[in-house]
Amino acid sequence: MASTSLGGKIAGYQGQLLGGDVQILERLRRSSRDPFWSRWESRVWTATLLVGTCLLYCARANMPICAVAMSEDFGWNKRQSGIVLSSFFWGYCLTQVLGGHLSDKIGGEKVIFLSALTWGLITAMTPLVAHVTSVPLILVSVLRFLMGLLQGVHFPALASLFSQRVRETERAFTCSTVGSGSQLGTLVMGGAGSLLLEWYGWESVFYFAGFLALLWGYCLSTYLLKEKERIVTVEDLKKCFAGSAQANGQWKKLFRKAPVWAVILAQLCVASTAFTIFSWMPTFFKERFPESKGWVFNVVPWLFAIPAGILSGLLSDHLITQGYQTVWVRKLMQIVGMGFSSAFIFCLAHTTTYHYAVAFASVALALQTFNHSGITVNVQDLAPTCAGFLFGVANTGGALLGVVLVYLSGYLIETTGSWSSMFYLVIVVNLMGLVVFLEFAKSERVDTETIHV
């Protein structure tokens, strides 16, 4: 940008604002010469997005919590309840890549804001729609499918946003802290949601999550976003679809890079095994330790995971600022997140003591959060101009493979009569992804030929 243009913009701002307001503007808005957030601004956005991710998981988890009560109200059987529960997932798979691409083109903050307003509104509307219709099964399933579509853009948008606004020495902490919102949201909904369900009925759980999401969107719009970042304009749409004719050739060049496939395959393994563990863990505890209390193994592991995730980000950024090579730090985080966690999953498979099982599960889940400071950030290292798109590709593959692994795990448990087979499957997939990442991962940019795609 020419210096005259920059000077004109600054003069324009100063002409419109008083001296004190100019200082506030400089703190809240990024500099025209520096695309990255300042340290203070980064902390504000990190806290805001942490809350947003927490509320995202609150809205996502309300249906599993309310499924039994809703089935009793509407007369759903297990198969019908399964249709409602699975409808979210199918929508979630469809928008990962699109959400990442949109974020790369028009800005991740805009995509996150607009999607949050919409899925928040859908969450708050669900009880009303369910009660006024004569076919609640169909309409609630449709609403959950739409929820999945809208929430599917969240994490690819975060990857895109962080790659463009957060400095390399702060990305791991930002990603891990915001990522811990998923565990926090699970805890909040598990506690507050259960109480609301018991005291006021299942409708209150949806109202609680929906209205908090709308309130968060209002605060984000009012205090952090510019007016142009609150809407999608015709120019934004042109950005998204411009250059599509030559894009195929550019993407082919990008996907010929070994480091790109290394991070995609590693994320695919991490996402699918995490989905498998989360899906089968409650059943494992109930069958292996029938006398155990559900709140213990549903809460305690998450209490360990939240501080562990934040610690991994601090450690990763500290090592980079101390002069260690970025790629070495990313690989170290994956050794912990995929390698060491697999060791504790192996211990979990063979323990016969309830307290040891809770301890092994807690440590395994805590170590898995180190992935936020490894592959999640490595996507941003490799391709900051299209990090959202690449993360969307990897996360879509991980979600689809997760469905396969969950089914395959059930088949193995049924045919072998042992839970160890499920844990062995998770370990093998994890180690395969780790080996590929350690062998081929890099941290240098590979998207220089796709910047203008």
Side-chain angles (χ1 to χ4, degrees), residues 49 52-64 66-67 70 81-130 133 135-161 181-182 185 189 206 209-214 216-217 220 230-232 236-237 240-241 267-268 271-272 275 278 387-403 406:
L49 294 171
T53 303
C54 172
L55 295 176
L56 179 100
Y57 268 78
C58 285
R60 183 181 303 186
N62 55 17
M63 181 59 71
C66 299
M70 295 179 70
S81 296
I83 292 174
V84 176
L85 290 170
S86 64
S87 57
F88 172 90
F89 168 78
W90 294 111
Y92 187 74
C93 288
L94 293 178
T95 52
Q96 297 276 336
V97 176
L98 176 61
H101 177 69
L102 287 174
S103 301
D104 292 334
K105 296 299 183 180
I106 66 176
E109 60 270 64
K110 182 179 295 188
V111 173
I112 292 170
F113 165 67
L114 294 175
S115 65
L117 286 184
T118 313
W119 60 253
L121 181 62
I122 289 175
T123 303
M125 288 173 51
T126 299
L128 300 176
V129 173
T133 181
V135 285
L137 176 65
I138 295 176
L139 288 186
V140 172
S141 297
V142 170
L143 289 180
R144 291 298 292 181
F145 176 79
L146 294 175
M147 275 273 295
L149 286 175
L150 293 162
Q151 290 201 356
V153 306
H154 184 81
F155 286 104
L158 287 178
S160 176
L161 179 62
S182 58
M189 186 49 64
F206 284 85
F211 287 131
L212 282 182
L214 292 174
W216 179 82
L220 177 65
R230 303 169 190 166
I231 57 174
V232 176
D236 289 334
L237 295 177
C240 294
F241 300 104
Q267 172 63 23
L268 186 148
S272 61
F275 185 70
F278 298 156
F389 173 82
L390 287 181
F391 189 85
V393 170
N395 225 29
T396 299
L400 294 174
L401 181 60
V403 175
V406 169

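All heavy atoms count here, side chains included; hydrogens, waters and symmetry mates do not.
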Here the pair of heavy atoms bringing Gly99 nearest to Val111 is O-CG1, 4.5 Å

Closest heavy-atom pair, Arg144 versus Ala59, reported as atoms and distance to 0.1 Å, is NH1-O, 3.4 Å

Ignoring hydrogens, what is the shortest heavy-atom contact between Asn395 and Ala271? Give both atom names and the distance.
OD1-CB, 4.1 Å

Mind running side chain to side chain contact (heavy atoms under 4.5 Å, CB included) on Cys58 and Leu212 for me, showing each step along the way?
CA-CA 10 Å; Cys58 285; Leu212 282 182; over 6 Å; no

Using a 4.5 Å cut-off on heavy atoms from C-beta on, say whether the side chain of Gln96 contacts that of Val393.
no

Taking all heavy atoms of Ser115 and all of Ile112, pick out the closest pair and write down the distance.
OG-O, 3.1 Å

Where do Asn62 and Ala209 come nearest, in terms of heavy atoms and distance?
ND2-CB, 4.0 Å

When rounded to the nearest 0.5 angstrom, what distance separates CG in Leu94 from CZ in Phe89?
9.5 Å

Going from CD1 on Ile83 to OG on Ser141, what distance comes out if it is rounded to the nearest 0.5 angstrom?
6.5 Å

For the residue pair Phe88 and Phe145, establish whether any side-chain heavy-atom pair is separated by less than 4.5 Å.
no

Any donor-acceptor N/O pair, Thr133 side chain to Ala130 backbone, under 3.5 Å
no

Measuring from atom OG1 of Thr118 to atom CG of Leu150, what distance do you get when rounded to the nearest 0.5 angstrom?
5.5 Å

Which distance, rounded to the nearest 0.5 Å, do you find between the CG of Leu55 and the OG1 of Thr123?
10.0 Å

Please walk me through it: do Gln151 and Thr95 pass side chain to side chain contact (heavy atoms under 4.5 Å, CB included)?
CA-CA 8 Å; Gln151 290 201 356; Thr95 52; over 6 Å; no

Does the side chain of Arg60 reach to within under 4.5 Å of the side chain of Tyr57, using non-hydrogen atoms?
yes

When you compare the side chains of Thr53 and His154, does any donor N or O come within less than 3.5 Å of an acceptor on the partner?
yes

To the nearest 0.5 Å, tell me how far Leu268 CG sits from Leu401 CG.
5.0 Å

Using the side chain to side chain contact (heavy atoms under 4.5 Å, CB included) rule, take Val153 and Leu102 through it: C-alpha gap first, then chi angles, then the decisive distance, then the call.
CA-CA 9 Å; Val153 306; Leu102 287 174; 5.9 Å; no

With heavy-atom distances below 4.5 Å as the criterion, would you say the side chains of Val97 and Pro156 are in contact?
no

Is the shortest heavy-atom distance from the side chain of Pro64 to the side chain of Leu85 under 4.5 Å?
yes

Would you say that Val140 contacts Met63 through its side chain, given a criterion of any heavy-atom pair below 4.5 Å between the two side chains?
yes

Hey, what do you get for CH2 (Trp216) to CG (Leu49), rounding to the nearest 0.5 Å?
6.0 Å

Tell me, do Leu149 and Tyr92 make a side-chain contact under 4.5 Å, heavy atoms counted?
no

Please check if the number of heavy atoms outside Ile138 that lie under 6.0 Å from its CD1 is greater than 12.
no

Do Trp119 and Leu56 come close enough that some side-chain heavy atom pair is under 4.5 Å?
yes

Please answer whether the main-chain N or O of Ser160 pairs with a side-chain N or O of Asp104 as donor and acceptor at a distance below 3.5 Å.
no

Gly108 and Leu161 have their tightest heavy-atom pair at CA-CB, 4.2 Å

